[in-house]
Amino acid sequence: LVVSRIGQIVSDHPSNLAKFDKKYVEEWFELMGFPLDTEQVDAIPEPSDAAPALLPAAPVDGTMELDYLTFADRTPIPAYTGVDVQPEVVSRLRGLKPDRFLVVTDEAVEKHYGSYMDALGSDGTPVYKYVLPCGDQCKAMKHLLGLIDWSFESGGTRSSVVVGFGGGALMNITGLFAGIVYRGFRLVYVPTTLLAMHDVTTSIKTSICHWGRKNNIGIYYAPTLILMDLAFCRTLPQDELLSGLGELCKNAALFGGDHAKGFVEAFSKDVLNECCGGAAESLTLEDQDLVKLTRLGVRAKMDILCVDATENLQGMVFEYGHTFSHAMEKAYGDGKIPHGIGVCYGMLCSSYVAEKIGIMSADARAEHDAMVRLLTDRWALPEPKPSISKVMGYAMNDSKRGILEEEAHEITDLVVSRIGQIVSDHPSNLAKFDKKYVEEWFELMGFPLDTEQVDAIPEPSDAAPALLPAAPVDGTMELDYLTFADRTPIPAYTGVDVQPEVVSRLRGLKPDRFLVVTDEAVEKHYGSYMDALGSDGTPVYKYVLPCGDQCKAMKHLLGLIDWSFESGGTRSSVVVGFGGGALMNITGLFAGIVYRGFRLVYVPTTLLAMHDVTTSIKTSICHWGRKNNIGIYYAPTLILMDLAFCRTLPQDELLSGLGELCKNAALFGGDHAKGFVEAFSKDVLNECCGGAAESLTLEDQDLVKLTRLGVRAKMDILCVDATENLQGMVFEYGHTFSHAME
């Protein structure tokens, strides 16, 4: 950014940024005494043979039909659908005018449709391709890390476009990858399976599978564009076609009506005879039937996700059968059971439980199961089956666990009383019930009984201190609400010497356990600050990171993720970030990607963290030798600021916090400039330091005033630009060169 004077930003771009010749920057560094030599970091690579020879652009002839997918209050996403529309798919991709395409595909798509995207770079735009294994095998941490490094090796920038070209699993990992690099590449989905078309691209959930569990690492991230060519479905393997029909079967059971009618018609005798010559075991579908079923699937999702984009309340209905499906899929091993088929078997398990607990009548169950068996009778579970204890081990570690605060013997899924009638007294539509009924069903299905199992959620032993009286909340902290555009306002409490209230407000969240992330310096000086946190018996686990930006490394992020599972973290757990700004950055990222979001509380211990970091929903780590290039947008549940920590800050940390306030003073002038200059006035220095200006300290009231000024500067902008990509980019003033020097 550039300013013409204090309080006056100069730019003709919505982001407030300006571009200029780098020679002036080099001149300034030379004037500052930086030496001239040949040491350098790798520049963005210049592609050589990545772009094919120039070809004429493919015309857009309008053969694709446009719909808009609306996820609650997010910007509607254009979704184009057609059959045999490869030229238009390519042309619409090129219309995004990226600096390069990063195409992610899988081995099967590369083998059969590797040439589909050949014309993508015919206008000279570089095209890079990354080929992953098929199915859930691609959804592994090692592949996510590979994609991240590949994007930097390929010179990916915020002007690049990521294209997910494949099936549902490929979309899941591609969406996660695209969402965390630079806090978001532009992303386009080009699905190649029926399941991906109606069930995956119609969701903003992304995921990989980690620590032996299903879909437990992910974020919510929406694509820029969806391009569906249903011609891919003509050549789908039978397993993939049935898998896509499996999720439509789930919709039929949940909603009945047109969804049930359309699904059953796909299996009618006339259709089978027409398509397959009577060979019912080899199902194919005509183009018009594929279009109809895809539209039904999209409608089912969007009728719900238009009000619940993150699928945590009404949208949880789409988890019907998934607790048991995911458990079977993991117990058999990735790729052994097509996901949609697994869901159908999971629904049969749920209907068995529903009848056992008196929710579903025998007649209603018979009708439900007859519809589901239109699919399962075509796809028998493979032998040998895994043991019941192994399957149940995965089921009891399902990512939904903790939402209903289950007892040790309980498990969670959805139940229906009949086709089209969900039964639940919880906003999420989930129900909990005794796991013994699930074990009974698996036994009836021929799953063997033995002692093989995966680790259950650990029961804490000495993690919680002895019981102590709860710390009272005496109201000494002052409450403000931080509003990030249209997101839910975040309560932020501020005070001085308020440790009992900080602890009490944390305990008021009533988690199943606390996961406290801190750094070595805070642990050394304030390790006892949280001692009373577990005094009511709540387990408390602690993870200590290095100080400063050293903590913001990929290895530490991976360490935090594994630690959360080792500690039994669930969706009822609370993560506490207890430290400075860098600590908040990595803790926010960690909390945001496990289960697509733990509840998160920031307890900042530095001036910088209090007014500049907790007032942002940006999270980050540093990777590939760059600053803050991996991250997401994730908001805390609560912010608790005890300014007493600032009294003992090292001089560097105090000056660092004042540095960002100096930036605000230059940007906005007025009270911000006045307050900053007053902090350095002679009278204040004489009073605090005996005239020793080189050793600056500040009185409590000055710390409170400066913190409030810093918070106000941020919130005046972020109340309209939560992601800091437009007006909020002003806070990047000086950061290009600061980050480079750091």
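Here the structure is a predicted model, which is why all the values come from computation and not from measurement.
- The closest side-chain donor-acceptor pair between Thr570 and Asp512 falls under 3.5 angstrom.
- A salt bridge is defined here as a Lys NZ or Arg NE, NH1 or NH2 lying under 4.0 Å from an Asp or Glu carboxylate O, and Arg708 with Asp480 meets this definition.
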As a quick check of understanding, evaluate side chain to side chain donor-acceptor pair (under 3.5 Å) for Tyr526 and Thr648, giving each step before the final call. CA-CA 11 Å; Tyr526 299 106; Thr648 55; 2.2 Å; yes

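- Side chains of Leu430 and Asp413 form no contact here, defined as non-hydrogen atoms less than 4.5 Å apart.
- Rounded to the nearest 0.5 Å, atoms NZ (Lys618) and CZ (Phe731) are 9.5 Å apart.
- Applying the ring pair (Phe, Tyr, Trp, His ring centres under 6.0 Å) rule to Phe484 yields no partners; only residues at least two apart in sequence or on another chain are considered.
- Between Arg74 and Ile204, some side-chain heavy-atom pair lies under the 4.5 Å cut-off.
- Under the 30°/60° scheme for interplanar angles, the aromatic rings of Phe645 and Tyr529 are found to be tilted.
- Considering only heavy atoms from C-beta on, Val517 stays 4.5 Å or farther from Val576 through its side chain.
- Looking at Asn312, Ile632, Thr206 one by one, the single match for side-chain contact (heavy atoms from CB on, under 4.5 Å) with Tyr220 turns out to be Asn312.
- A donor-acceptor contact closer than 3.5 angstrom is absent between the side chains of Lys214 and Ser399.
- Salt bridge present: Arg712 and Asp671 bring a charged side-chain N and a carboxylate O closer than 4.0 Å.
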Go through Glu405 and Lys432 one step at a time and tell me if the salt bridge (charged side-chain N to carboxylate O under 4.0 Å, His left out) criterion holds. CA-CA 9 Å; Glu405 300 180 356; Lys432 59 183 178 181; over 6 Å; no

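- Met554 has its side chain within reach of Ile148: a pair of non-hydrogen atoms, C-beta onward, lies under 4.5 Å apart.
- Closest approach of His611 to Gly657, counting heavy atoms only: NE2-O, 2.9 Å.
- Among pairs with a residue in residues 632-648, those fulfilling salt bridge (charged side-chain N to carboxylate O under 4.0 Å, His left out) read Asp497-Arg647, Arg647-Asp700, at least two apart in sequence or across chains.
- Aromatic rings from Phe565 and Tyr595 are positioned such that their centres are separated by under 6.0 Å.
- A donor-acceptor contact closer than 3.5 angstrom links the side chains of Glu311 and Ser203.
- Here the CE-CG distance, from Met477 to Leu643, works out to 9.0 Å after rounding to the nearest 0.5 Å.
- For the pair Arg505 and Tyr493, the distance from NZ or CZ to the six-membered ring centre is under 6.0 Å and the angle to the ring normal is within 45 degrees.
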